[in-house]
Amino acid sequence: MAERVWQRMSEQIADERTEAGSPVVQVAGRAVRLVPDRGPGVAESALPAEYQRILTAVRQAAGPVATRQIGEALGLDTGVRGKLEPLRGKLTKLADRGWLHKRLDGKFTTRP
């Protein structure tokens, strides 16, 4: 019985990886998509949809933007600080991987 459950789970994870378009890994028992490093041959479409939306919001801004401004553009409840922390983490991850630039004042801009 356990082998059949394991087989079904393995098939489901393989299907999710194929559909997601970006690599999926197991972290603490959860399937997590990786944000790839920006580089030659890596298209923006390799990013998960939520990260693509974040990049679009930063790109549409008229200059360096703070996390709160991006949250407002994405329709998040920006009145609660805890709601912005996951977004700040995603913005920082995009900056760490070369998709965005994080300025010393904590604001974000797109890279050329």
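- Atom CZ of F108 sits about 10.0 Å away from atom CD1 of I54, to the nearest 0.5 Å.
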Candidate pair K83 and E85, rule side-chain contact (heavy atoms from CB on, under 4.5 Å), full reasoning = CA-CA 6 Å; K83 299 280 185 175; E85 290 308 315; over 6 Å; no

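- Considering CZ of R38 and CH2 of W99, their distance stands at 6.5 Å, rounded to 0.5 Å.
- Taken from OG1 in T92 to NZ in K102, the straight-line distance is 4.0 Å, to the nearest 0.5 Å.
- Looking at every heavy atom in both residues, G71 comes nearest to L84 through CA-CD2, 4.3 Å.
- Atom CD of E72 and atom CG of L76 lie 9.5 Å apart (nearest 0.5 Å).
- Taken to the nearest 0.5 Å, the NZ atom of K90 stands 13.5 Å off from the CG atom of L100.
- From L47, atom CG reaches atom CG of L94 across 6.5 Å, with rounding to the nearest 0.5 Å.
- Closest approach of G82 to P86, counting heavy atoms only: O-CD, 3.3 Å.
- Under a 3.5 Å cut-off, the side chain of R97 and the backbone N or O of V35 do form a donor-acceptor pair.
- Looking at residues two or more places apart in sequence or on another chain, you find no side chain to side chain donor-acceptor pair (under 3.5 Å) involving D77.
- Residues meeting the side chain to side chain donor-acceptor pair (under 3.5 Å) test with R68, sequence neighbours left out: none.
- In this structure, Q69 contributes its side chain and A66 its backbone to a donor-acceptor pair below 3.5 Å.
- Salt bridge status for R59 with E44: present, with a side-chain N to carboxylate O gap under 4.0 Å.
- We find that R53 and E50 are not joined by a salt bridge, their nearest charged nitrogen and carboxylate oxygen being 4.0 Å or further apart.
- In terms of heavy-atom proximity, L74 sits nearest to A57 at CD2-CB, 4.2 Å.
- Listed by chain and residue number, nothing satisfies the side chain to side chain donor-acceptor pair (under 3.5 Å) test with K107 (two or more places apart in sequence, or in another chain).
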